[in-house]
Every structure is written in C-alpha cells, then in structure tokens.
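Please read all numbers here as calculations on a predicted model, not as lab measurements.
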Amino acid sequence: MPSRSFAFATLLLLVSASFAEAASFGFYLGDDAALGLSMVDRGTPDGANAGNVTYAFPNAAASFTVGSAAMRLTEVNFWSDSTSGTVTPFVATYNGLGIADRLNYSILLEGDPIAVTSTGVNNHAFTVSGAAPTIALPPGTQLIAGFHQSLGVIPFSGTGTADYLNINGDVVPATFPNPFTQNATHSALTRTYAFNVGGGQLIPEPSTALLLGLG
C-alpha cells in the first residue's frame with residue numbers, strides 16, 4: 001500500500017541534519033508504553049469488523065509531552081496473535097478536549113504498513129517511505145500514537161484506560177496533518193492493547209541542521 005501524501009501545513013520536518021546522539025532522550029507512546037520492546041500477550045484481538053479497526057491512545061500514560069527538541073520515531077512494537085494481516089502505525093496530537101471527537105486529534109504522519117508474519121513479540125522499525133521520520137512540534141504539545149490493523153492482530157486486556165476506537169476500518173486521513181475521518185465508535189471501553197511506538201528527542205548540531213517548515 002503506498003504511503004499517504006503530506007499536505008503543506010504546520011507539520012515541521014527536520015531534514016539534512018546531523019544530531020548529537022548523546023543528548024537524545026527516549027520515549028514510548030501507546031497503551032503498553034511502559035514495556036518498551038518487551039511486549040506481552042494481553043488476551044484476545046478485537047473481533048469487531050473482523051479486527052479491521054483503528055485505535056488511538058490519548059491517555060496521559062500512553063502519550064508524551066513534547067519538549068524543545070526535535071523527535072525521531074524509530075520503533076513499532078506489538079504482540080501479534082496472527083501470522084497475516086497488516087499493522088499501520090501513526091502519530092498524532094491530541095488537545096485533551098474529549099476522546100470521542102475526531103476534531104480533537106491531528107494525525108501528523110502514518111508509518112509504512114507492517115506485514116505481520118509471526119505471532120508473539122514483533123519489533124519493527126517505524127518508517128515512512130523506508131526512512132525514520134523526524135518531526136518538530138511546539139513545546140507542551142501532547143503527542144500520541146495509534147494503529148490501523150487490517151484484521152485481528154493485536155490483543156487487548158479488559159482493564160486499562162478508555163481510548164479512541166473506530167470499528168469501521170481505516171479512518172486515518174489521506175493527507176496530513178488532519179483529524180480522523182470519523183468520530184470514535186467507542187470511547188469508554190477500558191482496555192490495554194499490546195502496542196507502542198518508540199522514539200527519541202534529538203538535539204541537532206547548529207552548524208549542520210536545516211529546519212524546513214511545511215506551511
């Protein structure tokens with residue numbers, strides 16, 4: 001599936017930059033952010049719409065409050081109960097004004113679809129058109145992650161926090177940044193999905209960094 005195109009908007013991409021990796025600070029987004037690379041089986045994959053659902057995790061423990069540095073997304077980690085299907089990760093901002101309303105989210109970018117071939121722990125690179133994406137956002141922005149799966153791949157437990165769930169398939173917009181194309185079909189289910197996105201804040205070297213604003 002080809003990557004969706006980017007709209008000219010407020011998203012900032014950092015290009016042609018080298019980074020002082022010693023000054024990087026790692027973070028994870030998603031329901032199982034605390035587990036990092038070490039996913040665990042959470043139970044049963046979502047059976048709604050044959051598992052073809054879109055999920056996002058706006059709760060505080062699953063999100064990251066942006067600091068002053070640019071951020072590079074590097075990892076997608078999940079537990080799989082399937083040997084087929086695709087998982088497509090995305091990152092977004094959330095304004096805190098209500099889980100169900102699509103307009104409270106701005107999807108910034110969508111990763112390349114991940115073809116699932118094995119059960120258990122899946123650790124993959126987060127890429128857009130084959131490369132790790134880097135973004136810059138205003139300090140204090142709440143950055144969140146989510147995924148669209150083509151069928152029931154990622155299991156969940158029946159405890160946790162309420163999140164954005166749409167059982168009508170892929171409701172990620174075609175261009176970015178933009179809100180979901182539909183409101184949540186469910187926003188009060190307390191679940192924990194075995195999924196996260198990993199990355200790090202990066203401090204560019206002033207002599208080589210070039211910041212390009214799309215807007």
Side-chain angles (χ1 to χ4, degrees), residues 1-6 11-40 54-80 86-94 105-118 120-139 141-149 153-154 172 176-177 192-205 208-212 214:
M1 185 177 94
S3 298
R4 288 180 166 93
S5 61
F6 287 88
L11 179 63
L12 298 179
L13 299 181
L14 212 67
V15 297
S16 301
S18 64
F19 296 92
E21 294 296 340
S24 66
F25 173 78
F27 60 83
Y28 285 95
L29 313 167
D31 251 7
D32 262 341
L35 293 184
L37 294 166
S38 305
M39 293 287 100
V40 296
T54 299
Y55 220 91
F57 308 100
N59 67 83
S63 65
F64 176 71
T65 301
V66 175
S68 59
M71 295 161 291
R72 178 171 292 161
L73 304 173
T74 57
E75 305 170 20
V76 184
N77 306 300
F78 56 89
W79 183 281
S80 172
T86 59
V87 172
T88 306
F90 59 84
V91 294
T93 60
Y94 173 62
Y105 303 86
S106 180
I107 290 74
L108 303 179
L109 56 83
E110 182 177 55
D112 297 325
I114 297 166
V116 179
T117 59
S118 63
V121 177
N122 274 247
N123 304 126
H124 300 271
F126 192 118
T127 61
V128 175
S129 298
T134 305
I135 59 175
L137 296 166
T141 303
Q142 185 179 357
L143 185 67
I144 70 167
F147 63 85
H148 166 253
Q149 60 182 8
V153 174
I154 300 175
V172 177
F176 311 109
T192 299
Y193 274 81
F195 171 87
N196 69 49
V197 166
Q201 291 193 105
L202 302 172
I203 300 175
E205 296 176 356
T208 58
L210 173 63
L211 189 62
L212 175 64
L214 300 182

Distance (rounded to the nearest 0.5 Å) between Leu143 CG and Leu29 CG
5.0 Å
Can you tell me how far the CD1 atom of Ile114 sits from the OG1 atom of Thr86, to the nearest 0.5 Å?
9.0 Å
Counterpart residues, side-chain hydrogen bond (donor to acceptor under 3.5 Å, both in side chains), relative to [X] (two or more places apart):
{"X": "Tyr28", "value": "Glu75"}
{"X": "Thr65", "value": "none"}
{"X": "Asn59", "value": "Thr161, Asp163"}
{"X": "Thr141", "value": "none"}

Can you classify the ring geometry of Phe64 versus Phe27 as parallel (below 30°), tilted (30 to 60°) or perpendicular (above 60°)?
parallel
Could you check whether the rings of His124 and Phe78 sit parallel, tilted or perpendicular, using 30° and 60° as the cut-offs?
parallel
Residue set satisfying side-chain contact (heavy atoms from CB on, under 4.5 Å) with Ser63, at least two apart, ordered chain then number -> Gln142, Ile144
Which atom names give the shortest non-hydrogen contact between [X] and [Y], and what distance separates them?
{"X": "Ala61", "Y": "Ala33", "value": "O-CB, 4.1 Å"}
{"X": "Gly67", "Y": "Gln201", "value": "N-OE1, 3.1 Å"}
{"X": "Thr192", "Y": "Asp31", "value": "CA-OD2, 3.1 Å"}
{"X": "Pro89", "Y": "Val197", "value": "CB-CG2, 4.3 Å"}
{"X": "Gln149", "Y": "Val153", "value": "OE1-N, 3.3 Å"}
{"X": "Val128", "Y": "Pro133", "value": "CG2-CG, 3.9 Å"}

Determine whether a donor-acceptor pair (N or O, by modelled atom type, separation under 3.5 Å) exists between the side chain of [X] and the backbone of [Y].
{"X": "Glu110", "Y": "Val172", "result": "no"}
{"X": "Asn196", "Y": "Ala194", "result": "no"}
{"X": "Asp112", "Y": "Ser129", "result": "yes"}

Ring center gap for Tyr193 and Phe147 short of 6.0 angstrom:
yes
Do Leu137 and Leu108 come within less than 4.5 Å of each other through their side chains, counting heavy atoms only?
yes
Going by the rule ring-ring contact (aromatic ring centres under 6.0 Å, His included), which residues pair with Tyr105 if we only count those two or more places apart in sequence or in a different chain?
Tyr94, Tyr164, Phe180
Asp32: which residues meet the salt bridge (Lys or Arg N to Asp or Glu O under 4.0 Å) condition with it, sequence neighbours left out?
Arg42
side-chain contact (heavy atoms from CB on, under 4.5 Å) between Val121 and Trp79, intermediate numbers included
CA-CA 5 Å; Val121 177; Trp79 183 281; 3.8 Å; yes
For Val76 and Phe195: C-alpha separation, side-chain torsions, deciding distance, then whether side-chain contact (heavy atoms from CB on, under 4.5 Å) applies.
CA-CA 8 Å; Val76 184; Phe195 171 87; 3.8 Å; yes
